[in-house]
Amino acid sequence: MTCEPWSRRRQAIVLIDGNNFYASCEAVLDPAVLGRPLVVLSNNDGCIVSRSAEARALGIRMGQPYFQVRRELERQGVVVRSSNYALYADMSQRLMATLEPWVEALEIYSIDEAFGQLSRPADQRSLHDWGRQLRHHVLCQLGLPVAVGIGSSKVLAKLANRLAKTTASATGVFDLGSMDDPDPHLAAVAIEDVWGMGRQLSRWCRLRGVADAKALRDMPSGELRRRCGVVGLRLQQELRGMACLPLETLPAAKRETCVSRSFSQPITSQSELREAVATYLSRAAEKLRRQQQRAGAITVFVRSNPFNGTSFYSNSATVSLPLASNDTAVLLQAALPLVAVLFSPHKPLHKAGVLMQQLQGEETLQHNLLLPLPLEQQHRRTALMATIDQLNRHYGSGTVQWAAAGLQTPWRMRRSRLSGAATTRLDAIPVVRA
DNA sequence: TCTGGGGTCCTAGGACCC
DNA sequence: TCTGGGGTCCTAGGACCC
């Protein structure tokens, strides 16, 4: 394991993330909801996945099924929105572009989070003021509130970010790296809230009396290694101020790509399942082309409803392609026969998905002499796919689709409370009247 | 009636080889 | 009854993340 000793580093790692990101994006689009409790629902309007500060204050829980609290939300006047991923992805791009000039290197970690690297001033002065200016800038540019955590490793930056949100005096910025004695702050973070400690590992720690970040940092390494492997060991080193997790400024090529959805109502016929799988597969093929990758194998999986008490059914099947491809027609031909294998007439299905596996870069094709089509035809197929992708990007997803994906699709996702596309479609731009 | 979706990394164990 | 040792590759499953 290669870790850099903290003492030799002047580098600071910063973690910037959007507060209640989806809920905040909705408020940017519709300022009338600012200050009101608002929640955003998952796909199919299933669960609550984001809450405004006001909704949180009402005690609404993350991940709560919507149908259980719907009445209560109505009673309390909570604004409810379906997920609008086009909006969040666009706001995310704007956020990352805004952050870029503020750091020496930026790693986009998730839709609402980025790690940054910057040099600490020679006198080890706090970066608190820098953080406050950054917050102010983002708020002015995008209307999004962010929190800024600073430390000497990613794990410490994450921890500081949490402290930035939970410490009343922090006002959204926390610099662990410039403190004389950070221990009381580490001790204030529960073990469950340490990045990398999930339910299982936290429970194991608790049983050993390790209840907070400081205790985890100071527990015997050997014991941690035996239970948590190198992952646990790295985590501990990071807590000790040794940067083990490098900043990944270039996104790594994906190893697999998945498209899956729950159905808005159970699927009971093979033809419907076929249409659903074809739909997801077309989306996955689009993703592959955008990522400039081809799949060498496809797995299709199905499952019944795990919640309704009937016997749970889950199954999957995999097919290998003789030659890796991202041509929708080729992938459909290979994968659709799996539907007959997975479908069972007496098992209503709740969810299905496709996994694109054994991904490889597009450039490898040129070196392959076993092309299924003459080179010229191959080029025409590529051009066709590119045209379809362009049409769907420009006129909206699903403008051009394969017949196998079907037109009558009662199982399709429910999104009853969707906000508009003000940042990505010209015809949806809000109009300001004087 | 109604309970999300999309990833990564690591490890253990089996198959296979010399 | 005794039944090697070491390596690679692959896969399934667990655990975690947002």
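Just so we're on the same page: letters track the sequence lines, and every chain starts at 1.
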Using the side-chain heavy atoms of [X], tell me which of these nucleotides is nearest: [options].
X	options	result
A:D112	B:dG6, C:dC18, B:dG5	C:dC18
A:W195	B:dC2, C:dC17, C:dA15	C:dC17
A:N43	B:dG4, B:dT8, B:dT11	B:dG4
A:H350	B:dG7, B:dG4, C:dA15	B:dG4
A:Q200	B:dG6, C:dC16, C:dC18	C:dC16
A:Y109	C:dC17, C:dC16, B:dG7	C:dC17
A:V259	B:dC10, B:dG6, B:dG4	B:dG6
A:R261	B:dT8, B:dG6, C:dC18	B:dG6
A:R234	C:dC16, B:dC9, B:dG7	B:dC9
A:C258	B:dT3, B:dG6, C:dC18	B:dG6

*Polar contact flag, side-chain donor to acceptor under 3.5 angstrom, A:S152-A:Q11*: no
*asked:* Assess, by modelled atom type and distance only, whether the side chains of A:N44 and A:S262 contain a donor and an acceptor separated by less than 3.5 Å.
replied: no
*5' precedence on DNA chain B between A:S260 and A:F263 (nearest-nucleotide basis)*: A:F263
*asked:* Heavy-atom nearest nucleotide on DNA chain B for A:G63 versus A:K287: which residue maps closer to 5'?
replied: A:G63
Could you tell me how far apart [X] ([atom1]) and [N] ([atom2]) are, to the nearest whole angstrom?
X	N	atom1	atom2	result
A:Q293	B:dG6	CD	C1'	14 Å
A:L201	C:dG14	CG	P	14 Å
A:F301	B:dG4	CZ	P	13 Å
A:Y22	C:dC18	OH	P	12 Å
A:L245	B:dT8	CG	C1'	13 Å
A:D45	B:dT1	CG	P	18 Å
A:L235	B:dT8	CG	P	21 Å
A:R290	B:dG6	CZ	C1'	13 Å

*Can you check side chain to side chain contact (heavy atoms under 4.5 Å, CB included) on A:E256 and A:M356, steps first, answer last?*
CA-CA 6 Å; A:E256 52 183 45; A:M356 297 288 162; 6.0 Å; no
Under 4.0 Å, heavy atoms only, any strand: does [X] hit a base, just the sugar-phosphate, or nothing?
X	value
A:I111	nothing
A:F307	base
A:S264	nothing
A:Q265	nothing

*For side-chain hydrogen bond (donor to acceptor under 3.5 Å, both in side chains), just list the numbers for A:N20 and A:R56, CA-CA rounded to whole Å, side-chain angles, deciding distance to a tenth of an Å, and then say yes or no.*
CA-CA 10 Å; A:N20 320 319; A:R56 201 182 293 228; 2.4 Å; yes
Hey, is the side chain of [X] poking within less than 4.0 Å of OP1 or OP2 on [N], counting only N and O atoms?
X	N	answer
A:K351	B:dG5	yes
A:R255	B:dC9	yes
A:S262	B:dG5	yes

*Partners meeting side-chain hydrogen bond (donor to acceptor under 3.5 Å, both in side chains) with A:R199 (sequence neighbours left out)*: none
*What is the ring orientation for A:F115 with A:W195, classed by angle as parallel under 30°, tilted 30 to 60°, or perpendicular over 60°?*
tilted
*Nucleotide forming a Watson-Crick or wobble pair with B:dC18, both distances under 3.5 Å*: C:dG5
_Does anything in residues 48-56 of chain A come within less than 4.0 Å of DNA chain C? Heavy atoms only, and list the residues if so._
none
_Is there a side chain to side chain contact (heavy atoms under 4.5 Å, CB included) between A:I388 and A:W402? Walk through the geometry before answering._
CA-CA 10 Å; A:I388 291 172; A:W402 262 254; 3.5 Å; yes
*asked:* Does atom CZ (A:R255) have a neighbourhood of more than 12 heavy atoms from anything else shown, all under 6.0 Å?
replied: no
*Please say whether more than 12 non-hydrogen atoms of neighbouring residues, nucleotides or ligands are located less than 6.0 Å from CZ in A:R132.*
no
